[in-house]
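Here the structure comes first, spelled out in structure tokens, and everything after it is commentary.
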Amino acid sequence: MQRARKTASAFSPLIAINRKSARPLHRQIYDAYRSTIVGRTLSSGQQIPSTRALASELGISRIPVLNAYAQLLAEGYFETRVGAGTFVSRSLSKRIVAPQNPCAVSTQIGSGPRRLARSSLLLPPYKRDPWVRHRGAFSVSQPALDAFPFKIWANLVARHGRNAPTHSLEYGDPIGLKQLREVIAVYLRTSRAVRCEPQQIMIVSGSQQALDLSVRVLLNPGNSIWMEDPGYWLARHVLAAAGCRIIPVPVDADGLDVAAGIERCRTARAALVAPSHQYPLGVTMGASRRLQLLQWARQTGAWIIEDDYDSEYRFESKPIASLQGLDDASRVIYIGTFSKVLFPALRVGYLVLPPDLVDPFLAVRHAMDVSPAHFHQAVLAEFIAEGHFSRHLRRMRALYGERRSVLLDSLHREFGSYLKVFGNVAGMHLAVTVPKGLQDRQMALRAAAESLWLWPLSPFYATKPAQQGFVLGFGSTTAAEIPPAIRQMHKILLATRH
Ligand SMILES: Cc1ncc(COP(=O)(O)O)c(C=O)c1O
């Protein structure tokens, strides 16, 4: 056991042994090592397999390997460390005159055409704006990770690691782990008024995969889909990559404007909405809009994809019932995620599917990535079943509730009616709009240079931005950090007004 651990990082280089060659075996091994060291494919300090391991791997006796290693040691290419093994000599790095990068040859581009699929050309290049994925004021989409019950989680991880049955190492079920689907079904029925049975729930790697899968199953390239405007930028990328025709539908204080959607494209194949807490404006879709949307879907045969990413946190009333729970025609595909309520690196989300869609979703999911990884599903199922999840939700609701009130107070104190606040009754962010004429992106760049993360509102629009402003996350900003950060924001806004 001890031995295996010591040599765990010693990979064998590719050595093509030719038994018919006039060059003796030890010379072939020596040459192979020497050229990989000089060419820097093997780097100084890198561990070398034991003579026994290499001989066994090459299918030859140990003698030529011992001879080759002895020569490489004598010439200073290798060094041994007592009790640790054999390594590429660390003193070589300065002496070797072979400056070329070992990868240089493989990255050279030949003259032939390098055709890419249309989907990759339809997306903007992957790059992060300066305000994306930081922690602290006022980063968006970041939960209070320091409040996550990590000890409890770590204990469950350790327990599952120790007691994992052998069958848990096999390919899993494409729909996900039964125990996890069962506890999610109980949670959704009770807390989110979602009508579901465990066999309708599919575990996926976050909302992003849920949406990608939904689009693959339900839409053909060129099909129209309504999308909230402003809307979730990463969702727009999924739709764009699939070649969908995105119909931007305006959002007002009551959520997506269904009448405007019908006017723009009554025959759209689907609508993507976040009715509980619209992203980014944070508004909640009212009851009559919900019924209007469901009626449109029923009449035209459209699908509704409901993104319910952070509705667990509602501060002045109980969480609003899901759209799916009102649907009596099985037209809603419900998407949920643990990214906000637990932590985003978990990459676990779920779909609640109308019963007749389970089979087509299963077939496509199986073709995409076979099944979700087993381990964290098992840990999460236990975390929920033992009551840690509901306890964590209650604690976080109180914590975010406090942060939200401090943020609202600070905004009011600092800005009065200069900024208009939206969407503050739920979730981990709210939105503010600035007076006409101000440029949010320019202000956000200036703020980012001072490590203040103001996510500008205008890039969320697919059409000409109806308003400029900012999305302010309060998930990872402590109550004490908020007032000085708002004062800093005020100074920046004043300084960039012209
Ligand atoms: C609107 C919306 N939906 C879903 C998510 C969560 O995505 P995922 O589950 O892929 O982490 C986010 C995260 O920022 C979001 O803003």
Side-chain angles (χ1 to χ4, degrees), residues 126 128-129 131-135 138-145 148 176 180 184 188 192 201-215 225-239 241 246 248-249 251 255-256 271-285 304-313 320 322-324 333-352 365 368-369 372-373 376-377 380 400 422-423 426-431 453 455-457 459-462 470-476:
Y126 171 73
R128 276 186 190 177
D129 280 319
W131 39 83
V132 180
R133 306 243 160 89
H134 293 280
R135 302 195 42 69
F138 289 103
S139 190
V140 179
S141 296
Q142 299 281 356
L145 297 178
F148 181 71
L180 180 57
I184 291 176
L188 290 178
R192 304 291 310 116
I201 296 177
M202 175 176 281
I203 308 298
V204 288
S205 67
S207 313
Q208 201 62 20
Q209 191 187 25
L211 180 59
D212 185 42
L213 201 46
S214 306
V215 170
I225 177 166
W226 293 1
M227 190 178 161
E228 296 160 328
D229 193 34
Y232 181 36
W233 56 290
L234 263 180
R236 190 175 301 136
H237 289 186
V238 175
L239 304 180
I246 300 174
V249 179
V251 174
L256 176 125
L272 170 62
V273 279
S276 301
H277 190 224
Q278 201 273 338
Y279 191 87
L281 293 181
V283 293
T284 301
M285 186 183 256
I304 298 172
I305 304 173
E306 177 176 16
D307 180 3
D308 202 16
Y309 63 102
D310 76 350
S311 60
E312 286 83 357
Y313 302 129
I320 300 275
S322 67
L323 193 61
Q324 194 267 11
I333 291 89
Y334 177 93
I335 295 177
T337 178
F338 289 98
S339 289
K340 308 287 150 128
V341 283
L342 295 181
F343 56 97
L346 184 59
R347 305 311 303 143
V348 177
Y350 48 88
L351 283 149
V352 180
R365 196 283 153 71
M368 276 170 73
D369 70 343
H376 278 114
Q377 290 188 82
L380 179 54
Y400 296 142
F422 286 89
M428 291 163 24
H429 74 263
L430 52 77
W453 316 118
W455 196 313
L457 201 50
F460 288 99
Y461 283 89
F470 304 102
V471 184
L472 304 179
F474 48 86
S476 71

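Just so you know, ligand 1 is whichever comes first in the structure, and atom 1 is the first atom listed for that ligand. From a predicted model like this one, the values you see are computed outputs, not experimental measurements.
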| request: Using a 4.0 Å heavy-atom cut-off, say whether Ser207 meets ligand 1 through its side chain, its backbone, both or neither. | output: both
| task | Provide the closest heavy-atom pair for Pro143 versus Leu342 in the form atom of the first, atom of the second, distance. | result | CG-O, 4.1 Å
| message | Show the atoms of ligand 1 that are less than 4.0 angstrom away from any heavy atom in Gly206. | response | 9 (O), 10 (O)
| query | Any donor-acceptor pair under 3.5 Å linking the side chain of Glu228 with the backbone of Ala274? | reply | yes
| query | Of Ser207, Ser311, Ser141, which meets side chain to side chain donor-acceptor pair (under 3.5 Å) against Lys340? | reply | Ser141
| request: For Ala235, enumerate each residue passing the side chain to side chain contact (heavy atoms under 4.5 Å, CB included) test, keeping only those at least two apart in sequence or located in another chain. | output: Leu211, Met227, Tyr232, Leu272
| field | With His429 via ring pair (Phe, Tyr, Trp, His ring centres under 6.0 Å) - residues at least two apart | value | His277, Tyr279
| said: For Gln324 and Asp308, which I'm curious about, is there any donor-acceptor pair between the side chains at under 3.5 Å? | reply: no
| request: Heavy-atom contacts with Ser141 under 4.0 Å: which atoms of ligand 1 show up? List them by number with element. | output: 13 (C), 14 (O)
| task | Give the residue and atom name of whichever protein heavy atom lies nearest to atom 15 (C) of ligand 1, and the separation in Å to one decimal. | result | Tyr232 CZ, 3.4 Å
| field | Contact (N/O only, under 3.5 Å) between Thr337 and ligand 1 | value | yes
| Hey, which atoms in ligand 1 end up nearer than 4.0 Å to a heavy atom of Arg347? | 8 (P), 10 (O), 11 (O)
| said: Taking a cutoff of less than 4.0 Å between a non-hydrogen atom of the residue and any ligand atom, is Lys340 in contact with ligand 1? | reply: yes
| request: For Asp307, take its heavy atoms, then give the atoms of ligand 1 lying under 4.0 Å from any of them. | output: 1 (C), 2 (C), 3 (N), 4 (C)
| query | Among protein heavy atoms, which lies nearest atom 11 (O) of ligand 1, and at what distance? | reply | Ser339 OG, 2.6 Å
| query | Angle class for the Trp453/His134 ring planes (parallel below 30°, perpendicular above 60°, tilted otherwise)? | reply | parallel
